[in-house]
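Order of listing sets the numbers, starting from 1, for every ligand and every atom in it.
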Amino acid sequence: MTQLPLHFSAEVTAARANGTPLVALESTIITHGMPWPQNIETALRVEAAVRAAGAVPATIAVRAGRIHIGLGAAELEGLGQASGVMKLSRADLAACLVTGRTGATTVAATMICARLAGIDVFATGGIGGVHRGAETSFDISADLHELAATPVTVIAAGAKAILDLPKTLEVLETLGVPVIAFGQDDLPTFWSRTSGLRAPLRMDSTADIAASHLMRARLGLPGGQLVANPIPAGDEIAQGVIGPVIAEALAEARAQGIAAKAVTPFVLDRIFTLTGGRSLVANIALVLNNARLGAAVASEIAQARAA
Ligand code: PSU
Ligand code: MN
């Protein structure tokens, strides 16, 4: 009973044996974050981007009582079309495993699984955070507490502008999570490169991000780092354009009484429709960009460990 319920794909098993750097990828973005078939196309392109950058992708999901570290193309395809897949955060992971259900891992659950698998770096799109109106709803994503607890460096495009960004930064500061803007002073906000908020920390090289990941481990600090990587300039949607769309989507969520786990998927889907699909094009571009940065950071960590 002491053995972990982990199942490694053949590609990930080979990478572990060879010391090839690994980049973890989440599956909630596939099942709850993007519509079919773009979800599968994107997952495959993100994996290809990691490989092209010299690392091996490990997309993580739960199936039949095991945490899968690395999914084959057929498994990804099945996940992308399945219905009734659980959205797994820290609270749900064990229950999903023991009941044998299929579950997609959020940022929080992917971090937990990546740590169990010995993977340092995880690339995704956006993290959960403090929702607007949290002062009455108390809706604060478990992703924030996971960043405080689990030592994985998470590459995202900042927190999504559907959230309350100043409150999200305050909670991350309280929890002691380094929030590092990559290559600029401003905190990027997912669809836009800027937020008007200064990020608490800035780094301009993947070597620095890798070194601080390793330094935190030497210091015995629990928790990970959040790297906020701005969306490429050609793909961004200006805040003036996306702002009113977000307000409309949030108003609809409120009017329909959407709550808890359903909020983020509902709002993303409404923004997709209200922008005529443009939000998805930007979302895909920024995930690819984060996958490339994740591969570079994972390679730096591997080199530093070998030195
Ligand atoms: N942001 C996105 N796409 C996503 C998510 C966030 O642009 O798919 C998912 C991630 O899995 C994240 C989760 O961990 O939503 C946060 O959900 P909640 O707000 O319910 O904690
Ligand atoms: Mn929530």
Ion pair present between E248 and R270, side-chain N to carboxylate O less than 4.0 angstrom?
no
Between Q225 and S212, does a side-chain hydrogen bond (donor to acceptor under 3.5 Å, both in side chains) hold up when you go through it step by step?
CA-CA 9 Å; Q225 321 187 93; S212 76; 2.5 Å; yes
Using a 6.0 Å cut-off, check whether atom CZ of R132 has over 12 heavy atoms from anything other than its own residue.
yes
Could you check whether atom NE2 of H145 has more than 12 heavy atoms from other residues, nucleotides or ligands sitting under 6.0 Å from it?
no
For atom 1 (N) of ligand 1, which candidate among K160, E146, K261 holds the nearest heavy atom?
K160
With a 3.5 Å cut-off and no angle check, do the side chains of E146 and T150 form a donor-acceptor pair?
yes
L268 near ligand 1 by a heavy-atom separation under 4.0 Å
yes
At a 4.0 Å threshold, what atoms of ligand 1 neighbour a non-hydrogen atom of F190?
7 (O)
I'd like to know if M34 contacts ligand 1, where contact means a heavy-atom distance under 4.0 Å to any ligand atom.
no
side-chain hydrogen bond (donor to acceptor under 3.5 Å, both in side chains) partner of T110, the single match among T105, T28, T124:
T105
Using a 4.0 Å cut-off to any heavy atom of T106, which atoms of ligand 1 qualify?
11 (O), 14 (O)
Is any N or O atom of K87, backbone or side chain, closer than 3.5 Å to an N or O atom of ligand 1?
yes
How close do P222 and R216 get, heavy atom to heavy atom, and via which atoms?
O-NH2, 3.0 Å
Restricting to N, O or S atoms of D139, which is nearest to the Mn ion (ligand 2)?
OD1
Which residue supplies the protein heavy atom nearest to atom 19 (O) of ligand 1, what is that atom called, and how far is it?
T264 OG1, 2.8 Å
Short list, please: which atoms of ligand 1 are under 4.0 Å from a heavy atom of G126?
1 (N), 6 (C)
Measure the CG-CD distance between L274 and E252 for me, rounded to the nearest 0.5 Å.
5.5 Å
Do ligand 1 and V107 have nitrogen or oxygen atoms that lie under 3.5 Å from each other?
yes
Numbered atoms and elements of ligand 1 in range of G33, under 4.0 angstrom, heavy atoms
8 (O)
I want to know if ligand 1 touches S141 in the polar sense, i.e. an N/O pair below 3.5 angstrom.
yes
Among L163, D143, L88, T28, closest by heavy atom to atom 12 (C) of ligand 1 is D143
Donor-acceptor contact below 3.5 Å, side chain K87 vs main chain K261
yes
Give the atoms of ligand 1, by number and element, whose distance to some non-hydrogen atom of H131 is under 4.0 Å.
19 (O)
Once you restrict to heavy atoms under 4.0 Å, what part of E26 touches ligand 1? Side chain, backbone, both or neither.
side chain
Looking at I29, L144, N39, I271, the heavy atom closest to atom 8 (O) of ligand 1 belongs to I29
Are more than 12 heavy atoms from other residues, nucleotides or ligands located less than 6.0 Å from atom CZ of R115?
no
